[in-house]
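Both backbone and side-chain heavy atoms feed into the values below; hydrogens, waters and symmetry mates do not.
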Amino acid sequence: MQEISPFAQEYLDEILSTNTTYFIKFTEAFHSNEYKYFALIEGNDKPYYLIPCNNIFGAKNTFFLRCDGKENVKELIITLRNSHTQIYREANYFGLVDKDYGLDEDHKSIPAERLYVTPCYSFENFYLSRNVFSAILESEFHTEAFGYFKQDYVNISCLFEQRLTEFINLIIPIDKKYRAHQISKKLFKESVPHYRSSYITLEPIEVDVDSVHLKPSKSLEDCFKSTKYDINSCLSVHSMQESKKYYQGNNIWEYCKIIRGKFLVKFLVDYLKKLRDDFDKNKNPICFVQRLELKGSGDLDKNLFYKCHLRVDSGNFHSTLAQYAEQPECLIKFLENIRDNAN
């Protein structure tokens, strides 16, 4: 029987004490010699982080390792830090994770230079801001503040904020209960049933360019679709009181930082779909009134009426809209620090 090499034995000893799948993926990417940097991410985060990583590290220098959750990211960082293998310990790896509701901020075992945590709920929250929507409106819908359709620009920007305000006011009770559940889960751990985020649906909510409302015969309780658990049984009076503290103001842009990012993205995707429908209307548009009037008057060259090619849905919004999402200064500084201290 062939004797196993010391290197192979060390490798086997190491993977027995860690999450084998992600560690093996890391070692395979590392030994491919194709990448200098290794970004450990929770899920489908690559389209968002790819742009700043390419800008700072250079194109195709970063390997994105999907770890399927924050805890797996943190565990892999700890494993690599404590690795018996020096080249793994000294590799240019780092984690990019969401803050979520900020209830699991015990990152003391991981140096700050190895783990970036979003300052808001999640990276998806960076898709919701005035600047992001303005960029989408200008680039995809060819409607600018100082262009031929500036009246439409002002009108649509106003309507967007109105709809976003209506949506946030509608979903605050949902977000509030889900936050309360997370607080209860932290306080009581195993004694509280796990009400998964997948048990929540926003399908009962209709988003239009002129209103946001519940669909006929639907209520907010229909958003909690689990037949196994009642959301109210998964939280306590105390956790609900604690949760309510986060929802005292009326600044929608502040709410865009703390509300669950996937809820907000659902609004943005639905709104952009309806905005696209309004853009294509040849009669009675709600948003693109000036555009249609000028098109009918013949006062502008027809070549100035560009088409909208935007196609966005819940499955492709990351890759379709990532170029518009905000990149906070703290993220840029974190990545620059990785670059400046790289081996």
Side-chain angles (χ1 to χ4, degrees), residues 39-53 64 66-73 95-105 115-137 140 160-161 163-165 167-168 170-172 174-179 181-182 196-203 205 207 212 223 246-247 251-273 275 310-332 334-335:
L40 316 182
I41 55 178
E42 294 187 56
N44 186 30
D45 309 5
K46 180 178 176 179
Y48 173 76
Y49 287 112
L50 180 63
I51 295 173
C53 284
F64 289 86
R66 180 170 179 164
C67 297
D68 302 308
K70 185 189 303 186
E71 292 307 311
N72 290 335
V73 170
L96 302 168
V97 300
D98 294 333
K99 180 182 179 180
D100 298 329
Y101 288 124
L103 302 174
D104 55 350
E105 295 182 336
L115 185 67
Y116 169 79
V117 182
T118 59
C120 51
Y121 182 95
S122 69
F123 77 92
E124 284 107 333
N125 296 64
F126 292 125
Y127 288 80
L128 267 295
S129 75
R130 283 194 182 102
N131 290 337
V132 171
F133 182 72
S134 292
I136 295 172
L137 192 56
E140 301 292 346
F160 174 75
E161 291 196 28
R163 300 296 82 77
L164 178 59
T165 300
F167 178 81
I168 286 176
L170 199 55
I171 67 163
I172 278 178
I174 300 171
D175 198 71
K176 191 183 298 181
K177 283 189 176 183
Y178 192 60
R179 182 191 293 271
H181 166 61
Q182 297 298 316
R196 301 180 184 277
S197 59
S198 59
Y199 296 164
I200 300 176
T201 177
L202 299 185
E203 288 306 312
I205 298 175
V207 175
V212 175
C223 294
Y246 292 88
Y247 306 90
N251 187 321
I252 62 166
W253 303 113
E254 289 302 313
Y255 279 130
C256 282
K257 297 176 183 177
I258 67 168
I259 285 177
R260 189 167 185 263
K262 286 183 172 56
F263 293 165
L264 297 173
V265 164
K266 174 68 166 57
F267 164 80
L268 181 62
V269 169
D270 288 353
Y271 188 84
L272 290 177
K273 285 181 179 179
L275 193 62
L310 181 66
R311 294 287 187 277
V312 63
D313 57 44
S314 58
N316 73 0
F317 91 91
H318 286 305
S319 56
T320 304
L321 302 177
Q323 61 184 311
Y324 303 115
E326 293 190 335
Q327 298 170 11
E329 185 178 354
C330 57
L331 171 61
I332 303 305
F334 175 85
L335 296 176

Checklist entry - Between Glu124 and Ser122, does a side chain to side chain donor-acceptor pair (under 3.5 Å) hold up when you go through it step by step? => result CA-CA 5 Å; Glu124 284 107 333; Ser122 69; 2.7 Å; yes
Checklist entry - Is there side-chain contact between Ser319 and Asn316, with at least one heavy-atom pair below 4.5 Å? => result yes
Next on the checklist: How long is the straight-line distance from CG of Leu321 back to CG of Leu272, given to the nearest 0.5 Å?
Outcome noted: 6.5 Å
Item to check | Derivation of the side chain to side chain contact (heavy atoms under 4.5 Å, CB included) call for Ser314 and Val265 | outcome: CA-CA 8 Å; Ser314 58; Val265 164; over 6 Å; no
Next on the checklist: Assess the residue pair Phe123 and His318 against the criterion (ring-ring contact (aromatic ring centres under 6.0 Å, His included)); give the C-alpha distance rounded to whole Å, side-chain angles, the decisive distance to 0.1 Å, and a yes or no.
Outcome noted: CA-CA 10 Å; Phe123 77 92; His318 286 305; 5.2 Å; yes
Next on the checklist: Strictly below 4.0 Å, N to O, side chains only: are Arg66 and Glu42 in salt-bridge contact?
Outcome noted: no
Item to check | From Lys262, Arg260, Gln182, residue fulfilling side chain to side chain donor-acceptor pair (under 3.5 Å) relative to Ser197 | outcome: Arg260
Checklist outcome for this item: Closest non-hydrogen atoms of Leu40 and Cys67, given as atom of the first, atom of the second and distance, are CB-SG, 4.2 Å
Checklist entry - With a 4.5 Å limit on heavy-atom distance, are the side chains of Tyr121 and Lys257 in contact? => result no
Next on the checklist: Applying side chain to side chain donor-acceptor pair (under 3.5 Å) to Tyr324 and Glu140, what does each step give before you reach the verdict?
Outcome noted: CA-CA 11 Å; Tyr324 303 115; Glu140 301 292 346; 2.6 Å; yes
Item to check | Contact summary for Pro47 and Ala322, nearest pair of heavy atoms | outcome: O-CB, 3.3 Å
Checklist entry - Does a donor on one side chain and an acceptor on the other come within less than 3.5 Å for Tyr255 and Asp175? => result no
Item to check | Distance-only side-chain donor-acceptor flag, Glu326 / Tyr127, under 3.5 Å | outcome: no
Checklist entry - Does Tyr178 reach the side chain of Tyr101, with side-chain heavy atoms less than 4.5 Å apart? => result yes
Checklist entry - In Å and rounded to the nearest 0.5 Å, what is the CD to CG distance from Gln323 to Leu50? => result 12.0 Å
Item to check | Donor-acceptor contact below 3.5 Å, side chain Asn125 vs main chain Cys256 | outcome: yes
Next on the checklist: Let's go through Asp313 and Lys273 carefully: what are the C-alpha distance in whole Å and the side-chain angles of both, what is the deciding distance for salt bridge (Lys or Arg N to Asp or Glu O under 4.0 Å) to 0.1 Å, and is it a yes or a no?
Outcome noted: CA-CA 8 Å; Asp313 57 44; Lys273 285 181 179 179; over 6 Å; no
Checklist entry - Out of curiosity, Tyr116 OH to Lys99 NZ, how far, rounded to the nearest 0.5 Å? => result 11.0 Å
Checklist entry - Heavy atoms, side chains only, cut-off 4.5 Å: are Leu268 and Leu128 in contact? => result yes
Checklist entry - Do the non-hydrogen side-chain atoms of Ile171 and Ile205 ever get within less than 4.5 Å of each other? => result yes
Checklist entry - Which heavy atom in Pro52 sits nearest to a heavy atom in Leu335, and how many Å separate them? => result CB-CD1, 3.8 Å
Checklist entry - Is Asn251 reaching over with its side chain to a backbone N or O of Trp253, donor-acceptor style, under 3.5 angstrom? => result yes
Next on the checklist: Distance check, rounded to the nearest 0.5 Å: Arg163 atom CZ versus Leu275 atom CG?
Outcome noted: 12.0 Å
Checklist entry - Just wondering, do Ile174 and Leu202 contact through their side chains at under 4.5 Å, heavy atoms? => result yes
Next on the checklist: Set out, in order, the CA-CA distance, both residues' side-chain angles and the distance that settles ring-ring contact (aromatic ring centres under 6.0 Å, His included) for Phe64 and Tyr49, then state yes or no.
Outcome noted: CA-CA 9 Å; Phe64 289 86; Tyr49 287 112; 7.5 Å; no
Checklist entry - Could you go step by step and tell me if Tyr271 and Phe167 meet the side chain to side chain contact (heavy atoms under 4.5 Å, CB included) rule? => result CA-CA 11 Å; Tyr271 188 84; Phe167 178 81; over 6 Å; no
Checklist entry - How many angstroms lie between CG in Leu331 and CZ in Phe126, if you round to the nearest 0.5 Å? => result 7.5 Å
Item to check | Min side-chain heavy-atom separation Ile258-Cys120 under 4.5 Å | outcome: no
Item to check | Side-chain touch Phe263/Ile168, heavy atoms, less than 4.5 angstrom | outcome: no
Checklist entry - Counting only heavy atoms not in Lys46, do more than 12 fall under 6.0 Å of its NZ? => result no
Item to check | Which atom of Arg179 lies closest to which atom of Tyr247, heavy atoms considered | outcome: NE-OH, 3.0 Å
Item to check | NE2-OH distance between His181 and Tyr199, expressed to the nearest 0.5 angstrom | outcome: 9.0 Å
Checklist entry - Do other residues, nucleotides or ligands put more than 12 heavy atoms under 6.0 Å from Tyr246 OH? => result no
